[in-house]
Amino acid sequence: MYKLDYSKAVEAVWDALPDGAKAELERALVVICQAPWTHTEPRSGDDLYGIERTRALQHTALALLVIDEPPVRRVYLLNLEFLG
């Protein structure tokens with residue numbers, strides 16, 4: 001299991017989401033933190049190490065950074081966008 005981290009700016013967007021979008025996001029993040037490489041896609045071709053990832057949901061789009069280095073494996077939620 002990976003630890004989830006995010007900034008105050010991402011937290012503000014998360015808190016402002018409608019209930020349905022928030023529930024969808026929370027379910028997706030549980031799955032992503034269990035197996036981020038399986039449940040996300042590469043973000044860009046410029047990412048040499050393949051650690052920048054994305055996930056599009058019905059209500060939101062996520063930009064993530066997956067860190068596999070000890071001592072704690074992390075999924076860092078870089079950006080959260082509400083799609084409306």
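Pairing each heavy atom of Ala21 with each of His59, the nearest pair is CB-CB, 3.5 Å. The shortest heavy-atom contact between Lys22 and Leu17 is CE-O, 3.6 Å. Across all non-hydrogen atoms, the minimal contact from Pro36 to Gln34 is CD-C, 4.0 Å. Residues Arg73 and Met1 share a closest heavy-atom pair of NH2-N, 3.5 Å.
A 4.5 Å side-chain heavy-atom check between Leu77 and Leu65 finds every atom pair outside the cut-off. With contacts defined as side-chain heavy-atom distances shorter than 4.5 Å, the pair Val72/Tyr2 does not qualify. Residues Tyr76 and Leu64 are not in side-chain contact: their nearest non-hydrogen atoms beyond the backbone lie 4.5 Å or more apart. Using a 4.5 Å heavy-atom threshold, the side chains of Asp5 and Arg74 count as touching. A heavy-atom distance below 4.5 Å is found between the side chains of Leu57 and Thr60. Using a 4.5 Å cut-off on side-chain heavy atoms (C-beta onward), Pro42 and Arg53 make contact. Looking at Thr40 and Leu62, their side chains never come closer than 4.5 Å, going by heavy atoms from C-beta outward.
For Asp19, the CG atom counts as loosely surrounded, since its 6.0 Å shell holds 12 or fewer non-hydrogen atoms of other residues, nucleotides or ligands.
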Does the side chain to side chain contact (heavy atoms under 4.5 Å, CB included) test come out yes or no for Leu80 and Leu25, once each step is laid out? CA-CA 10 Å; Leu80 171 60; Leu25 172 65; 3.8 Å; yes

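Taken together through direct or relayed side-chain contacts under 4.5 Å among Ile, Leu, Val, Met, Phe, Trp and Tyr, Trp37 and Val75 form part of one hydrophobic cluster. In the hydrophobic clustering of ILVMFWY residues, with side-chain heavy atoms under 4.5 Å counting as a link, Phe82 and Leu78 come out together.
Here Glu24 does not pair with Arg27 in a salt bridge; the nearest charged N to carboxylate O distance is not below 4.0 Å.
Atom CD of Glu41 and atom OG1 of Thr54 lie 5.5 Å apart (nearest 0.5 Å).
Identified under the ring pair (Phe, Tyr, Trp, His ring centres under 6.0 Å) test for residues 7-26, with sequence neighbours left out: Tyr6-Trp14.
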